[in-house]
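Written below as structure tokens is the structure these notes are about.
Only a predicted model underlies this, so the values are computations on that prediction, with no experimental measurement involved. Keep in mind that the numbers below use all heavy atoms, side chains included, and drop hydrogens, waters and symmetry copies.
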There are 2 protein chains.
Amino acid sequence: MKNEKRNNANLSTEISEQIKESIINKDLDVGSRLPSELELAEQFNVGRSTIREALKRLAAQSLIRTQRGASGGAFINHIKFEDAHEQQVTTSILLLSMNNVKFETACEARFALERACAKFVAQRRTNTDILAIEKEILTQGQSKLTDEEFCASDIRLHRILVDCAKNPILSYQLAGAVEAMQPLMNMITYTVRSREKIILFHQSIIRSIKNRDAEGINFGLSNLEDYTKTLGQNILASYK
Amino acid sequence: MKNEKRNNANLSTEISEQIKESIINKDLDVGSRLPSELELAEQFNVGRSTIREALKRLAAQSLIRTQRGASGGAFINHIKFEDAHEQQVTTSILLLSMNNVKFETACEARFALERACAKFVAQRRTNTDILAIEKEILTQGQSKLTDEEFCASDIRLHRILVDCAKNPILSYQLAGAVEAMQPLMNMITYTVRSREKIILFHQSIIRSIKNRDAEGINFGLSNLEDYTKTLGQNILASYK
DNA sequence: ATGTTTTTAAATGTCTGACAAATGAAAAAT
DNA sequence: ATTTTTCATTTGTCAGACATTTAAAAACAT
């Protein structure tokens, strides 16, 4: 960690980039402690506040965590899937809303990715998974649910479905696509009629999951995709 | 943007979360300017350095950008797919390396996601796309390439393939999965024999793309997946 | 000797005030 | 009318101070 090239940008960015590189290149081990802010300030020949701003940048990406007190400091974080999940979803939501992505486009991506799991879901689903999905389907049948609650349960169901593939990478990647759709899906009005149809699709899908029938899962998902797109037609060109 | 609930955590985190919420909820429009650091400090009743640390956190997630000078300040960023891409890849790389994800698991996810694009690639590929892929295949035939260069071209080829689907969400999501694999793939030694086989697979895939044959693309990708997994066998249990 | 309390030192968190540097706009000079 | 200069605003950086947290060391009591 030298204090070379401080060319163009501001110091705190430069420094945070350098430390980030060191973490990616494994020059710094997970769990190890960075020098104290005062030491870093001396090493990089900058003020303490500059170091602090650099560290805050890294903390925002959960690359480090800080602890106060005697043997405190900044520690290289072990990034877990859950940590990354939230940020992934937030970013995806903003990407959808800021880039005028059509409902149809987002829908297409979401279901295409879900279908990518079908093969593994059929192979690896456990009975616990099935119970969890069936519970959501039951929830969705309750007529007292608000549109938001119905939608939330729908998203949960699809999350469970994806997790059935038992591949953490798939789960992580798809979380962005599936959960980022929630704001869009929340704009749909779920009539009694449409809820019934969606639940029928879900029941068809869970049957295929039970039977370990990948083709059937795909078919059910495709049908659901088509129906979701028609429901989304009223959300015209783009999501504002 | 009030200064309510400053419960548990430290102030700068609290404040950055509040502003982040305002951005997600569209209380603050894209492109609009936040109050100056001094004004924010007054509003939140904290020091300027606290505000600055909060803003640095947001900047690290490219939620805002800052400009110096007279009519400068912090502006709500329009997050584009390219902006999010780099962070997505970095995070994915760290997730893979820090969570002892098996090569096989990462490989499975990567190819499953790529296959999810096949249908759209077959429908939407342009002649320009095909030329770009063929160029990479030619590159890969040059024997003078180092393993790293061969691998880089391989990754580029698959990026182009994914982009053929003309769905920015898919491209963005898959970039993480595909490019994050690069450090793992770089550990593979590409013998003359294995390069030849990979190129054969690529040629089979590009043929199917030309013929708009989704099934064929899937088949080619699956074959390539199997072969990649055998190549990766020497990378034993996990990526260290 | 052992357990408890107090003290201490180290580290981050926060505030204040100062100055540097960039930048756009207004004012002045040409 | 055009160019130059000045000026005000705002972020970037630094330095010093104090608050707060925390673990370990020291002091104390049992």
Side-chain angles (χ1 to χ4, degrees), chain A residues 1-20 23 28-29 31-77, chain B residues 1-20 23 28 31-78:
Chain A
M1 231 162 33
K2 297 150 199 169
N3 84 30
E4 295 159 359
K5 58 164 172 177
R6 54 175 58 174
N7 312 332
N8 29 359
N10 55 36
L11 291 175
S12 73
T13 309
E14 196 70 54
I15 290 170
S16 81
E17 291 294 335
Q18 275 186 47
I19 299 178
K20 188 168 160 185
I23 296 175
L28 298 167
D29 291 332
S32 67
R33 212 201 86 165
L34 291 180
S36 76
E37 294 174 352
L38 228 52
E39 288 173 301
L40 284 172
E42 276 185 17
Q43 278 184 36
F44 285 98
N45 220 351
V46 297
R48 194 183 148 213
S49 44
T50 305
I51 292 292
R52 281 186 64 77
E53 287 174 16
L55 293 182
K56 290 318 147 204
R57 280 195 155 90
L58 298 174
Q61 301 169 267
S62 32
L63 293 177
I64 61 168
R65 95 198 91 91
T66 53
Q67 251 173 11
R68 278 165 85 153
S71 56
F75 298 85
I76 312 293
N77 221 352
Chain B
M1 232 162 36
K2 298 148 197 168
N3 88 29
E4 294 160 359
K5 57 162 174 175
R6 56 175 57 174
N7 312 333
N8 29 359
N10 54 38
L11 292 175
S12 73
T13 309
E14 196 70 53
I15 291 170
S16 80
E17 292 293 333
Q18 275 187 47
I19 298 178
K20 187 168 159 185
I23 296 174
L28 299 167
S32 66
R33 211 201 88 166
L34 291 180
S36 75
E37 294 175 352
L38 228 53
E39 287 174 302
L40 283 172
E42 275 185 18
Q43 279 184 36
F44 284 99
N45 217 355
V46 297
R48 195 184 147 213
S49 46
T50 304
I51 292 292
R52 281 185 62 78
E53 286 174 16
L55 294 182
K56 289 317 147 202
R57 281 195 155 88
L58 298 174
Q61 301 168 265
S62 34
L63 292 177
I64 61 168
R65 93 197 94 89
T66 52
Q67 252 173 9
R68 277 162 87 152
S71 57
F75 298 85
I76 313 293
N77 222 352
H78 177 135

Item to check | Selection: residues 47-55 of chain A, any non-hydrogen atom under 4.0 Å of DNA chain D | outcome: G47(A), R48(A), S49(A), T50(A)
Checklist outcome for this item: Nearest-nucleotide check on DNA chain D, G72(B) vs S12(A); residue mapping nearer the 5' end is G72(B)
Next on the checklist: Keeping E53(A) on the side-chain end and T50(A) on the backbone end, is there a donor-acceptor pair under 3.5 Å?
Outcome noted: no
Atom pairs under 3.5 Å, N or O on each side, protein against nucleotides 20-27 of chain D: can you list them with distances?
from: dT20(D); atom 1: O4'; to: R68(A); atom 2: NH2; distance (Å): 3.1
from: dT20(D); atom 1: O2; to: R68(A); atom 2: NH2; distance (Å): 3.2
from: dT21(D); atom 1: O2; to: G69(A); atom 2: N; distance (Å): 3.3
from: dT22(D); atom 1: O2; to: A70(A); atom 2: N; distance (Å): 2.9

To the nearest Å, give me how far apart [atom1] ([X]) and [atom2] ([N]) are.
| X | N | atom1 | atom2 | value |
| --- | --- | --- | --- | --- |
| L38(B) | dA18(C) | CG | C1' | 13 Å |
| L40(A) | dC14(D) | CG | C1' | 16 Å |
| K56(B) | dT11(D) | NZ | P | 9 Å |
| E42(B) | dT9(D) | CD | P | 14 Å |
| N45(A) | dG12(D) | CG | P | 20 Å |

Item to check | Residue pair E14(B), F44(B): steps toward the side-chain contact (heavy atoms from CB on, under 4.5 Å) verdict | outcome: CA-CA 10 Å; E14(B) 196 70 53; F44(B) 284 99; over 6 Å; no
Checklist entry - Which is true for R33(A) with a 4.0 Å heavy-atom rule: it touches a base, it touches only sugar-phosphate, or it touches nothing? => result sugar-phosphate
Checklist entry - How far apart are the C-alpha atoms of I23(B) and I76(B), what are their side-chain angles, what is the distance that settles it, and do they pass the side-chain contact (heavy atoms from CB on, under 4.5 Å) test? => result CA-CA 8 Å; I23(B) 296 174; I76(B) 313 293; 3.8 Å; yes
Next on the checklist: Restricting to side-chain hydrogen bond (donor to acceptor under 3.5 Å, both in side chains), what partner residues turn up for Q67(A), sequence neighbours left out?
Outcome noted: none
